[in-house]
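Some notes on the structure that comes next.
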Amino acid sequence: MGVFSAALEVHVGTGSVFSVEGQQAVLPAWYTSHSQRKPYVIWLLDKEHRVFSPVQILSYLDGVVQVEETELKPRVGFLYPVLSRNISVFINATRERDSGQYMCTVNVVGEASSMGKNIGVINLTVLVPPATPSCQLHGEPMVGANVTLSCSSRKGKPSPVYQWQRTAPTLQVFFPPAQDWHRGTLKLTNLSLDMAGLYVCAAENQAGSAECHIVLEVTKAVIAGAVLGSLGALATVVFFAQRVVGYRRKKRDGQEEAANEIKEDAVAPKTPSWARRPAPDTLSKASTLSSIAGRRDRPYGVNPPSDTASILTATGSYRGPPARAGGRPPGLSPPTLNGAPQRRQDPTPIPSGSLPTSSLTRAGAVPVMVPAQSRAGSLV
């Protein structure tokens with residue numbers, strides 16, 4: 001009885017199954033039993049990073065197959081009739097998210113099994129081939145320069161490795177450190193004309209491979225470009241230097257010319273009102289001097305003292321002596337010598353404006369300084 005009860009056991013063909021995305025995957029499993037009764041079979045899926053417990057995807061009970069409502073429903077099923085005791089399942093058009101741990105349990109009414117012997121576990125891994133990579137050139141492919149060729153694929157499981165090679169005009173394979181298999185870069189240093197050609201990058205993993213290529217053309221323009229660039233930079237520096245020197249020279253010459261220039265057409269400043277209009281006391285003193293100068297032209301004693309006092313008016317002008325009958329002052333006669341009248345000699349007249357400074361000072365004149373004017377119109 002004990003031997004009979006231990007006859008129920010689930011077997012799996014392999015513990016790991018690999019499938020390429022888009023292809024069919026088969027999870028091989030079967031069971032052994034001495035009973036002829038119909039089994040009760042359940043398939044479960046436990047995905048990685050799943051929060052909930054394993055999900056039932058397929059079952060067989062009392063001769064009825066039932067596919068559960070999951071994303072696998074239109075693509076999963078038993079590969080053979082269950083009664084044949086082959087309980088393998090298939091998954092069509094596999095996807096990357098189909099990867100996970102699949103568990104199968106079998107129970108038969110009236111038949112026991114050892115602990116865990118009625119459970120089979122198979123791990124499914126769906127591989128994704130690399131997408132067509134993208135090849136790029138970084139740098140200027142000129143003689144003597146350094147460039148980098150890069151190659152990358154946007155998807156692939158597992159991550160692809162990259163291999164660069166030159167196929168034309170001659171075959172050349174590259175190795176580290178020039179080539180990085182994981183990053184997909186190829187560094188070419190000190191380019192020469194012989195390094196030109198067709199470079200092909202292949203991205204590969206267990207699911208497949210994909211390629212891209214790039215044509216490398218090496219030119220000699222590096223020397224000419226450097227020379228032209230240097231000449232252009234030098235010409236720019238010389239141009240701006242000349243502009244700066246010319247500007248400073250022009251500014252200096254302008255300052256010197258402005259300092260030495262004599263403005264002949266400059267308008268002379270107007271005479272201040274205080275210089276044009278004499279003070280009242282100056283007019284009075286000038287009239288007094290004119291009166292004194294006029295009396296020196298007359299004979300002594302011609303005008304009486306009372307007449308002299310009336311010479312000056314309030315405005316300082318000379319009005320002359322009062323008129324007398326007969327035109328001569330009464331009581332006066334010309335002097336005689338030995339009974340004969342003596343002719344009077346007129347004193348030498350003093351020109352107006354040429355009185356001595358001492359006479360002007362004694363008369364009370366005030367000296368006035370009149371500003372002189374230079375040729376340029378400025379006061380000295």
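The model shown is predicted, which means the values in this text are computed figures rather than measured ones. Only heavy atoms go into these numbers, but all of them, side chains included; no hydrogens, no water, no symmetry mates.
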Query raised in the report: Would a 4.5 Å heavy-atom cut-off, applied to side chains only, mark Ser16 and Ile122 as touching?
Result: no
Requested in this report: Kindly give the heavy-atom pair with the smallest separation between Val10 and Gly120, and that separation in Å.
Outcome: CG1-N, 3.8 Å
Query raised in the report: Which pairs pass salt bridge (Lys or Arg N to Asp or Glu O under 4.0 Å) with one or both residues in residues 15-44, sequence neighbours excluded?
Result: none
Query - Pairs where residues 67-81 contributes a residue and the test salt bridge (Lys or Arg N to Asp or Glu O under 4.0 Å) is met, not counting sequence neighbours - result: Lys47-Glu71, Glu69-Lys73, Glu71-Arg97, Arg75-Asp98
Report summary line: Residues passing the side chain to side chain contact (heavy atoms under 4.5 Å, CB included) test with Thr189, sequence neighbours excluded, are Asn146
Requested in this report: Write down the atom of Gly139, the atom of Val147, and the distance for their closest heavy-atom approach.
Outcome: C-CG1, 4.0 Å
Query raised in the report: Is there side-chain contact between Phe90 and Leu27, with at least one heavy-atom pair below 4.5 Å?
Result: no
Query raised in the report: If two hydrophobic side chains count as joined below 4.5 Å and joins carry through other members, does Leu193 share a cluster with Tyr199?
Result: yes
Query raised in the report: Which residues pass the side-chain hydrogen bond (donor to acceptor under 3.5 Å, both in side chains) test with His138, sequence neighbours left out?
Result: Ser150
Query - Stepwise side chain to side chain contact (heavy atoms under 4.5 Å, CB included) test for Gln56 and Ile42 - result: CA-CA 7 Å; Gln56 181 175 323; Ile42 299 177; 3.8 Å; yes
Requested in this report: Please examine the side chains of Val64 and Ser59, heavy atoms only from C-beta on, and report whether any two atoms are closer than 4.5 Å.
Outcome: no
Throw together a table of side-chain donor-acceptor distances under 3.5 angstrom for residues 79-86, partners on residues two or more places apart or in other chains.
{"residue": "Ser84", "atom": "OG", "partner": "Pro81", "partner atom": "O", "Å": "2.5"}
{"residue": "Arg85", "atom": "NH1", "partner": "Ser33", "partner atom": "O", "Å": "2.3"}
{"residue": "Arg85", "atom": "NH2", "partner": "Ser33", "partner atom": "O", "Å": "3.2"}
{"residue": "Arg85", "atom": "NH2", "partner": "Ser35", "partner atom": "O", "Å": "2.6"}
{"residue": "Asn86", "atom": "OD1", "partner": "Ser88", "partner atom": "N", "Å": "3.1"}
{"residue": "Asn86", "atom": "OD1", "partner": "Ser88", "partner atom": "OG", "Å": "2.7"}

**Report entry** Student check: side-chain heavy atoms of Phe18 and Val126 closer than 4.5 Å
**Finding:** no
Query raised in the report: Got a second to check how far Glu9's CD is from Thr32's OG1, nearest 0.5 Å?
Result: 5.5 Å
Query raised in the report: Looking at residues at least two apart in the chain, or sitting in another chain, which of them share a side-chain hydrogen bond (donor to acceptor under 3.5 Å, both in side chains) with Ser19?
Result: Thr94
**Report entry** Results of ring-ring contact (aromatic ring centres under 6.0 Å, His included) for His11 - residues two or more places apart only
**Finding:** Trp30
Requested in this report: Hey, could you give me each pair passing salt bridge (Lys or Arg N to Asp or Glu O under 4.0 Å) that has a residue in residues 135-156? Not counting sequence neighbours.
Outcome: none
**Report entry** Contacts of type side-chain hydrogen bond (donor to acceptor under 3.5 Å, both in side chains), residue Asn205, not counting sequence neighbours
**Finding:** none
Requested in this report: Tell me, with the steps shown, if Val121 and Gln101 meet side chain to side chain contact (heavy atoms under 4.5 Å, CB included).
Outcome: CA-CA 7 Å; Val121 177; Gln101 188 179 68; 3.5 Å; yes
When the side chains of residues 169-182 are checked against the rest of the protein, which donor-acceptor pairs come out under 3.5 Å, sequence neighbours left out?
{"residue": "Thr170", "atom": "OG1", "partner": "Arg166", "partner atom": "NH2", "Å": "3.0"}
{"residue": "Gln179", "atom": "OE1", "partner": "Trp164", "partner atom": "N", "Å": "2.3"}
{"residue": "Gln179", "atom": "NE2", "partner": "Phe174", "partner atom": "O", "Å": "3.1"}
{"residue": "Asp180", "atom": "OD1", "partner": "His182", "partner atom": "N", "Å": "3.1"}
{"residue": "Asp180", "atom": "OD1", "partner": "Arg183", "partner atom": "N", "Å": "3.2"}
{"residue": "Trp181", "atom": "NE1", "partner": "Gln163", "partner atom": "OE1", "Å": "3.3"}

**Report entry** Thr185 side chain near Leu149 side chain, heavy-atom distance below 4.5 Å
**Finding:** no
Query - Shortest non-hydrogen separation from Thr148 to Lys187 and the atoms involved - result: OG1-CG, 3.9 Å
Query raised in the report: Taking a hydrophobic cluster as the set of Ile, Leu, Val, Met, Phe, Trp and Tyr residues connected by side-chain heavy atoms closer than 4.5 Å, whether directly or through intermediates, do Val89 and Leu72 fall within one such cluster?
Result: yes
Query raised in the report: Which atoms form the tightest heavy-atom contact between Leu8 and Asn107, and what is the distance?
Result: CD2-CA, 4.3 Å
Query raised in the report: Does one hydrophobic cluster hold both Leu186 and Leu191, with members joined at side-chain heavy-atom distances below 4.5 Å?
Result: yes
Query raised in the report: Given the rule that I, L, V, M, F, W and Y join up when any side-chain heavy atoms are under 4.5 Å apart, are Phe78 and Val67 in one cluster?
Result: yes
Query raised in the report: Around Lys117, counting heavy atoms of other residues, nucleotides and ligands shown, do more than 12 lie under 6.0 Å from its NZ?
Result: no
Requested in this report: Find out whether Lys220 and Met142 are in side-chain contact, i.e. whether some heavy atom of one side chain is under 4.5 Å from a heavy atom of the other.
Outcome: no
Report task. Check the hydrophobic clustering (I, L, V, M, F, W, Y; side-chain heavy atoms under 4.5 Å; chains of links allowed) and say if Val65 and Ile87 are grouped together. Result -> yes
Query raised in the report: Does any non-hydrogen side-chain atom of Asp46 lie less than 4.5 Å from one of Val55?
Result: no
Show me, pair by pair, the donor-acceptor contacts under 3.5 angstrom made by side chains of residues 128-137, not counting sequence neighbours?
none

Query raised in the report: If we only count heavy atoms from C-beta on, is the Thr14 to Pro28 side-chain gap below 4.5 Å?
Result: yes
Report task. Applying disulfide (SG to SG under 2.5 Å), name anything that partners Cys104, two or more places apart in sequence or on another chain. Result -> none
Report task. Kindly determine whether Tyr40 and Tyr60 satisfy side chain to side chain contact (heavy atoms under 4.5 Å, CB included), including the steps that lead there. Result -> CA-CA 6 Å; Tyr40 176 42; Tyr60 177 84; over 6 Å; no
Query raised in the report: Checking side chain to side chain contact (heavy atoms under 4.5 Å, CB included) for the pair Val17/Thr125: CA distance, chi angles, key distance, verdict?
Result: CA-CA 6 Å; Val17 174; Thr125 302; over 6 Å; no
**Report entry** Side-chain donor/acceptor of Tyr162 to backbone N/O of Glu204, under 3.5 Å
**Finding:** no
